[in-house]
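The block underneath contains the structure these notes are about, expressed in structure tokens.
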Amino acid sequence: MEDDLFQRRSKLATAGVAESVEQEQEAKVLVLYTGGTIGMRTNRNGVYEPEADYLIPELKKLPIFHDKSYAEEQLMEEEKDLLVMPVMRSGRRVKYHIKEYNPLLDSSNMNMNDWSKIANDISTFYDDYDGFVILHGTDTMAYTASALSFMCENLGKPIVLTGSQIPIFEVRSDGRDNFLSALVVAGQFLIPEVLVLFGNKVLRGNRTIKNDSGSFDAFISPNIAAIADLETDITVDWAHVFRSGTTEKFRIHSEMCPNVGLLRLFPGISVQLVRSFLQPPTQGVVLQSYGAGNAPDNRPELLKAIEEAINIGVIIVNITQCTRGYVDAAYATGKALYDKGVIPGGDMTAEAALTKLSYVLGKANWSIKTKSKMMERNLRGEVQAIRKEDISLQDFELIDSVAKALSISTKEETIKLREALYPNLMCAAAKSNDVQALERLRNTGGNLSAGNQDGRTALHVAAREGHHAVVQYLLHHGATVYSKDQHDHTPLNDAIISKHHQIITLLVRTGAHLTMHPIRIAMELCSAAARDEVSTLQAWKLAGADLNVSDYDKRTPLHVAVSTKKMSAVRYLLGNDARWDTKDIFENTAEMQAKKPGYEEIHELIQQKIREEKSGIPDSEDLQQAQIKHD
Ligand code: ASP
């Protein structure tokens, strides 16, 4: 009887991966609702004001925001607080949780502590969601977006800020489209950046300014093109997506320095005003100068005040007052500033320069020299470091010749061809362990994170093949560890399947984590235990799996290893903290099974473990060895 049960279970365990694919075409998004017009209501005095506990119940009434029948029938008990969007054209469904802040704020009332709160929430829930949406007032959205782009280090998932000009529940409102699009972008597109979504554009957050107080297209990024356009199709400009290019894990730096300021020059500005602005506690100033970075060079007292401040450690960064363009040291009036030690801020927006300064100054263990150097460096795509001509698509020799062979002539067709060819070429290069080929493809504009027709990326392939150097190369150049293929497998799943322990460790260090449902993980582990495959169990453990998870019958890998008498698996599991006293749905524990005739050896191992737990001293050499081997 029990054997029958086991056979049925293990069949399911092997088939499980493919069977539940359809159900798992889902993305989970966390919405942090901080306030702003989007959720406001007109108060008694006839003005807009944020209102607590209003947005979520109202959204639940709108079918486009919440598929009630799906939620009632399909959501598990622990998911009941989720809202669920209807299925999209892509076949995906976005489930989302809204965390409402208390108090809700008009963004004009926000300060640096609010940025830290948002960053901390993202950090706390980072592994639980595919993407994040921040509902925020439009007035200071560009500041928050810029600040978060610096505070979120080694970001691998999308963070999309949005809001609206008219509250979401008014008859005419831009809020509904903006919020829905933000959920779609955060749930569907693995853009590892802090973004601002407004109207029909997705912009890099730290390049964005609020440009219009009344338009539905309130935001622009004056110095770079949009990251994505929201038209009939959503078109992402993947070649322009910024990638952190490290193998380090996501983390936040939330200590921002408050002693920073924006000083806008005007003709005849008094030296007293400049001096008082540069007084302690000021530690950093963004100087907004004229045109291409010019300031008067016929006012020695002004330049002296600047020089004195720099000498006592104040960092001064020069940006232009113009909406578009960058500071250039070509003019004598600009050069006078750099000669005094002012840092050229390139084409940064005021919001980006100010928040970057606050972030850099908040790094307690960086020297002034490092902080100044960092201000010049491109940290998150906020500044164009090197000006180079855009590489034209036609420059890509390979694409060019294939295009010719296929008689393709229009730019759109060439783009489509490139999108179809490059991911496959990169997968092929990864498969044959060819780092040089990957480098060539990258240099000609290939996006290392792009998936082929099955959603497989070069990282999936390299992880499956066990090509450590390729995995390292890809991670160093910012390939995402979070992309899922058509079976919802991440590169981490590939590394587990092929038991490449070193690669698993590398991926996990870069932030990869298990995204499968715990029951499916349990089925994989039980199945490995039944096959006595210790290295598979080790692979799952390295990837972060809990060896005590239980399947749909509440059976753990130890239950299975014991009942099928798989000695290596039993030893490994007991040596790695597996519990022998967990009850399955038939009220059986692994220990009870081991008491039956024929299980004497296993029974003795479990008894050793029990004695060890009671005394606190390991008395089993066997188990110690299993532990040592694993370590
Ligand atoms: N004052 C509002 C805010 O920034 C404006 C808006 O959301 O559009 O919170």
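These numbers come from the heavy atoms of this one structure, side chains and all, not from hydrogens, waters or symmetry mates. Counting starts at 1 for both ligands and their atoms, in listed order. We number each residue from 1, following the sequence as shown. Since the structure is predicted, the reported quantities are computational estimates derived from the model, not experimental observations.
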Residues at least two apart in sequence or cross-chain that pass salt bridge (Lys or Arg N to Asp or Glu O under 4.0 Å) with Glu308, listed by chain then number, are Arg275, Lys304

Distance flag, aromatic centroids of His513 and Tyr482, threshold under 6.0 Å: yes

Could you verify whether a donor N or O on one side chain and an acceptor N or O on the other, from Arg251 and Ser123, lie under 3.5 Å apart? no

Among Glu153, Glu255, His253, find the residue that satisfies the side-chain hydrogen bond (donor to acceptor under 3.5 Å, both in side chains) test when tested with Tyr359. Glu153

Exercise answer, ligand 1 polar atom pairs (N/O) under 3.5 angstrom:
unit_1, atom_1, unit_2, atom_2, d
ligand 1, 1 (N), Asp106, OD1, 3.0
ligand 1, 1 (N), Asp106, OD2, 2.9
ligand 1, 1 (N), Asp139, OD2, 2.8
ligand 1, 4 (O), Ser107, OG, 2.5
ligand 1, 4 (O), Thr138, N, 3.3
ligand 1, 4 (O), Asp139, N, 3.0
ligand 1, 4 (O), Asp139, OD2, 3.4
ligand 1, 7 (O), Thr37, N, 2.9
ligand 1, 7 (O), Thr37, OG1, 2.9
ligand 1, 7 (O), Thr138, N, 3.0
ligand 1, 8 (O), Thr37, OG1, 3.1
ligand 1, 8 (O), Thr138, OG1, 2.5
ligand 1, 8 (O), Ser164, O, 3.2
ligand 1, 9 (O), Asp106, OD1, 3.2
ligand 1, 9 (O), Ser107, N, 2.7

Residues which pass side-chain contact (heavy atoms from CB on, under 4.5 Å) with Thr320, listed by chain and number, not counting sequence neighbours: Cys322, Val327

Salt bridge (Lys or Arg N to Asp or Glu O under 4.0 Å): which pairs involve residues 132-148, sequence neighbours left out? Asp139-Lys210

